[in-house]
**Q** 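Mind having a look at this structure? Questions to follow.
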Amino acid sequence: TTTETLLEVNNIEVIYNHVILVLKGVSLKVPKGGITALLGGNGAGKTTTLKAISNLLQSERGEVTKGSIRYRGDRVQDLTPTDLVQRGVIQVMEGRHCFEHLTIEENLMTGAYTRRDGSGAVSADLEMVYNYFPRLRERRKSQAGYTSGGEQQMCAIGRALMSRPETILLDEPSMGLAPQLVEEIFGIVKDLNEREGVSFLLAEQNTNVALRFAHHGYILESGRVVMEGPAAELRENPDVKEFYLGMS
Ligand code: ATP
């Protein structure tokens, strides 16, 4: 059986402020039903790659100057982030970005704004989100700004789910969280992938955890993909072990 490719990034270059070349020809594929990890150290270009895909570079004075980005075969480079959400692609930004003054439930509901289906379907999905994230149900009346970092990360993922995405671009979900919470969140990502069929492109500095949960990985260094392969193979690769897994 051949798996369908949802997202295809082909040889993109990104330049900031007209002069700073940050992505130097990045190519990657996200297959339907997979968890694909985009790995690499600080400043390797992971966030830039996700923002290029969801067309969020403009406000940072960044620009895709070469290459193409396709979703289900269609060029998506000129779409707005909202257009992309309507096509089923949504980004969860690094740093969690919940609306601090709204409650958890109000935050989740803001995720449904692009939907055209009825309120019944939206309440059913709210219930679905609470089933995956019982902590969010407990905290649903709390102002997001007063919840923990882990709860805010869950809120950001939950809000993305409310748009009924086919693909989630998830930026650094482990950032600033205790190991046990990282495990909990990755476990939920895996469940969402297996049970709801959501595909993920996951940017992570935490190679160890990402390669345990992902199916396939790409390693970025200074704006180039230097290695790629099935997660199980990358985990056993001596260079990956030495440079990214902190053991040899
Ligand atoms: P991190 O884990 O820190 O987010 P990353 O792999 O996601 O790292 P990027 O944030 O994509 O890396 O940054 C890649 C490079 O682009 C870095 O050298 C960074 O300094 C540079 N960069 C990022 N944003 C801008 C910007 N708005 N203007 C100029 N340079 C930028």
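Please read all numbers here as calculations on a predicted model, not as lab measurements. Atoms within each ligand, like the ligands themselves, are counted from 1 in listed order.
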**Q** Looking only at non-hydrogen atoms, find the nearest pair between N206 and S174 and report the distance.
**A**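 Nearest pair, atom of N206 first, then S174: CB-OG, 3.8 Å.
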**Q** Looking only at distance, does T49 have an N or O less than 3.5 Å from an N or O of ligand 1?
**A**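 N/O-N/O distance below 3.5 Å does not exist for this pair.
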**Q** Look at ligand 1 and say whether A203 reaches it with a heavy atom at a distance under 4.0 Å.
**A**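 Contact absent.
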**Q** Please state which protein non-hydrogen atom is closest to atom 4 (O) of ligand 1 and give its distance, to 0.1 Å?
**A**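 Of every protein heavy atom, T47 OG1, 3.1 Å lies nearest to atom 4 (O) of ligand 1.
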**Q** Locate the shortest heavy-atom distance separating V14 from A52; write the atom from each residue and the value.
**A**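 Heavy atoms of V14 and A52 come nearest at CG2-CB, 4.1 Å.
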**Q** Return a yes/no value: protein heavy atom under 4.0 Å from atom 20 (O) of ligand 1?
**A**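 Within 4.0 Å of atom 20 (O) of ligand 1, no protein heavy atoms are found.
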**Q** Do any nitrogen or oxygen atoms of G45 come within less than 3.5 Å of a nitrogen or oxygen of ligand 1?
**A**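 Among all N and O atoms of G45, at least one is under 3.5 Å from an N or O of ligand 1.
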**Q** Which heavy atom of K46 sits nearest to which heavy atom of A203, and what is that distance?
**A**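 Looking at all heavy atoms of both residues, the shortest contact is CB-CB, 3.8 Å.
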**Q** Examine distances only and state if a side-chain atom of E183 and a backbone atom of Q180 form a donor-acceptor pair shorter than 3.5 Å.
**A**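 Between the backbone of Q180 and the side chain of E183 there is no qualifying donor-acceptor contact (under 3.5 Å).
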**Q** When you measure from the side chain of E8 to the backbone N and O of Y71, does any donor-acceptor pair fall under 3.5 Å?
**A**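 No; zero donor-acceptor contacts below 3.5 Å.
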**Q** Evaluate the side-chain proximity of P173 to E204: yes if any heavy-atom separation is below 4.5 Å, no if none is.
**A**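 Yes, side chains in contact.
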**Q** Quick one: look at R61 and ligand 1, take heavy-atom pairs under 4.0 Å, and tell me if it's side chain, backbone, both or neither.
**A**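 For R61, there is no contact with ligand 1 at all, from either part.
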**Q** Enumerate the atoms of ligand 1 whose separation from the nearest heavy atom of G41 is less than 4.0 angstrom.
**A**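 That gives atoms 6 (O) of ligand 1.
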**Q** Of the choices A44, G43, G40, G223, which has the non-hydrogen atom that lies closest to atom 18 (O) of ligand 1?
**A**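 Comparing heavy atoms across A44, G43, G40, G223, the nearest one to atom 18 (O) of ligand 1 lies in G43.
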**Q** With a cut-off of 6.0 Å (strictly less than), are more than 12 heavy atoms of other residues, nucleotides or ligands near NZ of K29?
**A**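 No, because the 6.0 Å sphere around NZ of K29 holds 12 heavy atoms or fewer from other groups.
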**Q** Among all protein heavy atoms, pick out the one at the shortest distance from atom 3 (O) of ligand 1; state its residue, atom name and that distance to 0.1 Å.
**A**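 Result for atom 3 (O) of ligand 1: N42 OD1, 2.6 Å.
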**Q** Hydrophobic side-chain clustering at under 4.5 Å (ILVMFWY, transitive links): who's grouped with L102? Put none if nobody.
**A**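 F99, listed by chain and number.
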**Q** Looking only at heavy atoms, which two atoms of E94 and E172 are closest? And how far apart?
**A**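 For E94 versus E172, the nearest heavy atoms are OE2-OE1, 3.7 Å.
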**Q** Strictly under 4.0 Å, does any heavy atom of G62 approach an atom of ligand 1?
**A**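 G62: no contact with ligand 1 (<4.0 Å).
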**Q** To check your reading of the model: name the closest protein heavy atom to atom 30 (N) of ligand 1, its residue, and the distance in Å.
**A**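 Ranking protein heavy atoms by distance from atom 30 (N) of ligand 1, first comes Y16 CD1, 3.5 Å.
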**Q** May I ask you to identify the nearest protein heavy atom to atom 5 (P) of ligand 1, giving residue, atom name and distance to one decimal place in Å?
**A**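 Nearest protein contact, heavy atoms only, for atom 5 (P) of ligand 1 is K46 N, 3.4 Å.
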**Q** Please report whether atom 14 (C) of ligand 1 has a protein non-hydrogen atom at a separation of less than 4.0 Å.
**A**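 Under the 4.0 Å cut-off, atom 14 (C) of ligand 1 does have protein heavy-atom neighbours.
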**Q** Where do P165 and A160 come nearest, in terms of heavy atoms and distance?
**A**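 So the two residues come closest at CD-O, 3.3 Å.
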**Q** Number the atoms of ligand 1 from 1 as they appear, then name those within less than 4.0 Å of a heavy atom of E172, with their elements.
**A**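 Answer for ligand 1: 2 (O).
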**Q** Give the atoms of ligand 1, by number and element, whose distance to some non-hydrogen atom of E60 is under 4.0 Å.
**A**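 Taking each heavy atom of E60 in turn, ligand 1 has 27 (N) under 4.0 Å.
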**Q** Any idea which of D171, T48, L220 brings a heavy atom closest to atom 9 (P) of ligand 1?
**A**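 It is T48 whose heavy atom sits nearest to atom 9 (P) of ligand 1.
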**Q** Note the single closest protein heavy atom to atom 2 (O) of ligand 1, along with its residue, its atom name and the distance in Å.
**A**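 Nearest protein contact, heavy atoms only, for atom 2 (O) of ligand 1 is Q205 NE2, 3.1 Å.
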**Q** So, E13 side chain and V64 main chain: donor-acceptor pair closer than 3.5 Å or not?
**A**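 Judged by distance alone, no pair lies under 3.5 Å.
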